[in-house]
Amino acid sequence: MPQMDILTPLNPAQREAVETVAGPMLILAGPGSGKTRVITHRVAYLIKTCGVKPHNIMAVTFTNKAAREMGERLEQLLGRTAGALTVGTFHAICARILRSEGEAMGLNPRFAIYDADDQLNVIKQSLEEANLDPKQYSPPALQSAISAAKSRLLTPEEYSQRTQSYFEEIVQRVYERYQELLRKSEALDFDDLLLDTVQLFENHAAVRDKYQSRYVHILVDEFQDTNLAQYALIRQLAGKYKNICVVGDPDQSIYSWRFADLRNILSFEKDYPEAKVVMLEQNYRSTKTILQAASDIISQNVRRKPKELWTENEAGSPVNVVESYSQEEESQFVVSEIERLVNQKRLSFKDCAVMYRVNAQSRALEESFIRYGMPYRLIGGTRFYHRQEIKDVLAYLRLIRNPNDNLSLIRIINVPGRGIGQGTLGRLQERARTQGVSLYQALKDMAAEKVSPPRIAQSLAKFSALIDELARSQELSPAELLDKLVEDSGYKEYILSKEDGEERWENVRELRNVASEYNELPPAEALDAFLEKVSLVSDTDELDGQIDMVTLITLHQAKGLEFPAVFIVGMEEGILPHRKSFDDPEEMEEERRLCYVGITRAKKHVYLLRSYRRSLFGSGIVNPPSRFMEDISPNLLATRGLWETQTKPAAVNEGEALELTAGDCVYHNRFGNGVVVDCLPTLGDQEIIVAFERAGTKKLLLSLAPLRKIEPGY
DNA sequence: CGAAAGGCTCTTTTT
DNA sequence: GAGCCTTTCG
């Protein structure tokens with residue numbers, strides 16, 4: 001691509017951000033201001049115009065998705081040379097550095113990476129060993145405190161020097177123990193990936209020099225989300241050339257509870273006084289109305305640098321405020337309004353997104369979508385790699401690769417049941433601790449000594465034989481090893497015998513598919529690569545965006561996305577803003593930013609919905625409208641109360657009062673043919689349960705579902 | 001040892 | 001209302 005093409009599609013501010021290549025640079029990028037374009041074009045400019053080698057450029061993101069998208073766009077711009085760039089998440093880049101250089105600090109290059117669930121389990125063990133009551137000291141709170149310490153680069157020793165409260169005293173004791181357990185298991189948690197890399201660079205000048213010399217240019221996306229450790233890391237990396245370009249938007253900082261620290265943006269200007277600052281304020285995404293409403297809300301924040309966002313886009317339609325009595329009504333409105341948008345405004349389902357503060361809100365929505373038969377995809381929910389069956393199989397693989405991985409052993413030692421229960425496990429742990437060996441070694445010793453009851457000793461011996469046999473099979477490809485493992489261990493049989501066994505077995509098959517992508521590599525390497533990938537990936541790639549479905553998503557997850565139409569449900573005090581933020585002004589400002597992020601996702605249509613009554617956690621609650629709605633100038637709003645106009649969305653079956661009984665055959669617009677299983681009267685309506693030939697069994701509302709009675713035998 | 005039953009808690013969750 | 005943990009019983 002010639003130089004002109006790199007710069008021509010850019011506005012003056014964007015162009016400045018791309019052309020100023022030397023020295024530190026801070027780009028403050030409003031929503032929809034072409035941030036990704038600036039980053040990718042800057043990289044292209046560095047290579048094509050400035051002659052920088054791709055090998056010498058690093059671009060860091062937070063999510064795998066962002067990294068993948070950036071990689072794709074760079075490949076479009078640069079072709080195959082893009083492959084030599086370092087593009088990845090903080091954690092993936094650190095993991096790679098630690099695997100190749102970590103031995104300098106005594107790290108096994110095959111260290112396991114423990115995720116949040118694993119961490120929690122290790123913390124529970126730490127509590128137990130420290131003789132502390134998990135009821136009194138909640139493991140999640142400790143996990144959070146330890147993670148906070150690590151994010152601030154505090155090792156247990158450093159932490160102990162600054163403990164002030166009793167709680168911190170406890171944290172320190174657990175943190176020490178926790179770190180010890182990780183070390184014995186030759187495992188790192190996510191925070192360690194960052195912390196250890198920073199320490200590696202700090203204590204090993206040769207390694208640091210190597211990387212500092214390599215990375216002449218460094219770019220960081222979503223800089224407002226970095227924590228202290230991440231900022232320290234990029235400062236180390238940029239230590240030699242100081243060509244560091246960070247891009248972010250303080251108004252979209254919504255992860256302070258993950259220890260993202262807005263002060264990094266302020267520190268940046270202090271640490272690099274020569275830094276160039278560019279503001280991207282032109283918005284290419286939203287209508288004037290939407291942008292103004294968003295600005296009205298965010299401008300109420302006190303701790304903030306003012307920005308003047310503007311757009312050349314049309315004024316567009318007002319922001320819709322919709323008030324309903326119940327969340328069922330709210331959900332029904334969303335569904336029927338989307339139907340209307342699709343029919344009258346020529347939008348597709350995939351152009352619409354419904355956003356909410358807490359996952360629990362998704363259920364009411366899902367029910368309406370299912371009843372109406374409207375296609376939707378729920379983002380989040382139970383993530384693939386967090387499913388029990390996936391974690392079990394991965395634990396087997398991890399243990400096979402590294403017998404010192406105590407946590408993985410604990411996870412699967414009695415799955416499926418082998419008669420090795422709590423008591424035996426406790427004795428194993430005790431023995432491992434006193435003899436200073438791994439659990440697996442303790443298990444082998446105990447099996448050999450035959451001091452325990454023969455039945456137990458036999459179980460232990462059998463398990464150890466299984467693992468040894470599997471460990472000997474590492475010349476198999478990861479997929480084949482997985483096959484052998486689920487057969488030999490009896491895991492397949494076990495999982496299929498359980499509730500939802502088929503579905504869970506399907507998940508294991510899906511994992512095997514992922515594993516088979518590594519069949520080309522030499523087996524040992526392939527297993528490492530596979531485990532590395534699944535450790536650092538939180539989900540299988542979300543179904544490709546081509547499928548025409550409505551998106552259901554939390555406000556947090558929506559950051560970085562855009563949709564023609566956005567519905568934000570639960571615009572109520574207690575939900576958004578969440579009640580936990582009521583007594584902390586800083587948290588309240590973050591809630592406001594969350595609302596801002598939601599609204600600025602929209603291109604054309606915004607709906608803010610509130611319900612008078614809402615049932616959450618079983619009991620019904622009454623919430624006043626969200627304070628954020630009052631911040632929007634009234635002239636931008638169109639408000640309607642559902643109870644004034646129409647309480648019910650237009651019924652599909654109007655006119656031809658459909659009467660159904662169990663046994664009737666029906667046709668549904670989306671689900672096809674099915675048989676009515678049951679009819680239950682509900683408030684002024686009927687709930688029909690239909691077993692569809694293809695789509696499975698669904699609950700539908702008679703008045704809403706596009707159902708037609710058909711003759712049996714179709 | 002393992003299944004079943006009661007009691008407690010419940011925000012967001014990039015890696 | 002559900003999931004997780006602990007307790008209890010066979």
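Throughout, a chain's letter reflects where its sequence line sits, starting with A, and its residues are numbered from 1. Quick caveat, the model's predicted, so the values are computed rather than measured.
- The interatomic distance linking A/Ile553 (CD1) with B/dT13 (C1') rounds to 13 Å, in whole Å.
- At a threshold of 4.5 Å between non-hydrogen side-chain atoms, the residues A/Gln230 and A/Val220 do not count as touching.
- Here the closest non-hydrogen pair linking A/Cys94 and A/Leu193 is CB-O, 3.4 Å.
- OP1 or OP2 of B/dT13 sits under 4.0 Å from a side-chain N or O of A/Thr554.
- Applying the ring-ring contact (aromatic ring centres under 6.0 Å, His included) test to A/Phe90 and every residue at least two apart in sequence or in another chain returns A/Phe62.
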Kindly give the atom pairs (protein nitrogen or oxygen, nucleotide nitrogen or oxygen) under 3.5 Å for nucleotides 1-6 of chain B.
residue : atom : partner  : partner atom : Å
B/dC1   : OP1  : A/Gly421 : N            : 2.9
B/dC1   : OP1  : A/Thr424 : N            : 3.4
B/dC1   : OP1  : A/Thr424 : OG1          : 2.7
B/dC1   : OP2  : A/Gly423 : N            : 3.0
B/dG2   : OP1  : A/Gly419 : N            : 3.1
B/dG2   : OP2  : A/Asn414 : ND2          : 2.9

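- Following rounding to the nearest Å, A/Asp118 (CG) and B/dT15 (P) show an atom-to-atom distance of 15 Å.
- With distances taken from any side-chain atom of A/Phe62 to the nucleotides B/dT11, B/dT14, B/dT15, the minimum falls on B/dT14.
- Taking only distance into account, the side chain of A/Arg258 meets the base of B/dT15 through a donor-acceptor pair shorter than 3.5 Å.
- For the pair A/Arg431 and A/Glu449, the salt-bridge criterion is met [side-chain N within less than 4.0 Å of a carboxylate O].
- Among residues two or more places apart in sequence or in another chain, the side-chain hydrogen bond (donor to acceptor under 3.5 Å, both in side chains) test is passed with A/Asp191 by A/Ser147.
- The nearest whole Å value for the distance from the NE2 atom in A/His91 to the C1' atom in B/dT13 is 12 Å.
- Closest to the side chain of A/Arg357, from the set B/dT15, B/dT14, B/dT12, is B/dT12.
- Straight-line distance from the CG atom of A/Asp189 to the P atom of B/dT13: 20 Å, rounded to whole Å.
- With sequence neighbours excluded, no residue forms a side-chain hydrogen bond (donor to acceptor under 3.5 Å, both in side chains) with A/Glu72.
- Within the structure, the salt bridge (charged side-chain N to carboxylate O under 4.0 Å, His left out) test picks out the following pairs touching residues 592-601 of chain A (sequence neighbours left out): A/Glu590-A/Arg593, A/Arg592-A/Asp631.
- What separates CD1 of A/Ile97 from P of B/dT15 is a distance of 18 Å, to the nearest Å.
- Residue pairs satisfying the salt bridge (charged side-chain N to carboxylate O under 4.0 Å, His left out) criterion with at least one member in residues 87-101 of chain A, sequence neighbours excluded, are listed as follows: A/Arg99-A/Glu532, A/Glu101-A/Lys210.
- Residue A/Glu590 contributes atom CD, which lies 13 Å from atom P of B/dT13 at whole-angstrom precision.
- Between A/Asn359 and B/dC10 there is no side-chain polar atom (N or O) within less than 4.0 angstrom of OP1 or OP2.
- Base-pairing analysis of DNA chain B finds the following stems of at least three consecutive Watson-Crick or G-U pairs, with both pairing distances under 3.5 Å: B:1-10 with C:1-10.
- Residue contacts shown for A/Phe90 are absent, as no nucleic acid heavy atom lies under 4.0 Å away.
- Stacking between A/His556 and B/dT12 is absent: the aromatic ring centre is not both under 5.5 angstrom from the base six-membered ring centre and within 30 degrees in plane angle.
- Among the nucleotides B/dT12, B/dT15, B/dT14, the one closest to any side-chain atom of A/Val358 is B/dT12.
- With sequence neighbours excluded, the residues satisfying salt bridge (charged side-chain N to carboxylate O under 4.0 Å, His left out) with A/Arg401 are A/Asp528.
- Two rings, from A/Tyr137 and A/Phe167, have their centers 6.0 Å or more apart.
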Any chance you could list the contact pattern along nucleotides 1-10 of chain C? Use B for base contacts, S for sugar-phosphate-only contacts and - for none, protein heavy atoms under 4.0 Å, 5' to 3'. BS--S-----
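- Not one side-chain nitrogen or oxygen of A/Gln557 sits closer than 4.0 Å to the OP1 or OP2 atom of B/dT12.
- Taking the side-chain hydrogen bond (donor to acceptor under 3.5 Å, both in side chains) definition, one finds that A/Ser615 meets it with A/Gln327, sequence neighbours left out.
- Looking at heavy-atom distances under 4.0 Å, A/Asp191 makes no contact with the nucleic acid at all.
- At whole-Å resolution of the value, CG in A/Leu193 and C1' in B/dT14 are 14 Å apart.
- Counting only heavy atoms from C-beta on, A/Glu587 has its side chain closest to B/dT11 among B/dT14, B/dT13, B/dT11.
- Every side-chain hydrogen bond (donor to acceptor under 3.5 Å, both in side chains) that A/Glu572 has, sequence neighbours left out, goes to A/Arg614, A/Asn623.
- To the nearest angstrom, P of B/dT15 lies 14 Å from CD of A/Glu532.
- The salt bridge (charged side-chain N to carboxylate O under 4.0 Å, His left out) check on A/Glu493 picks up nothing, with sequence neighbours excluded.
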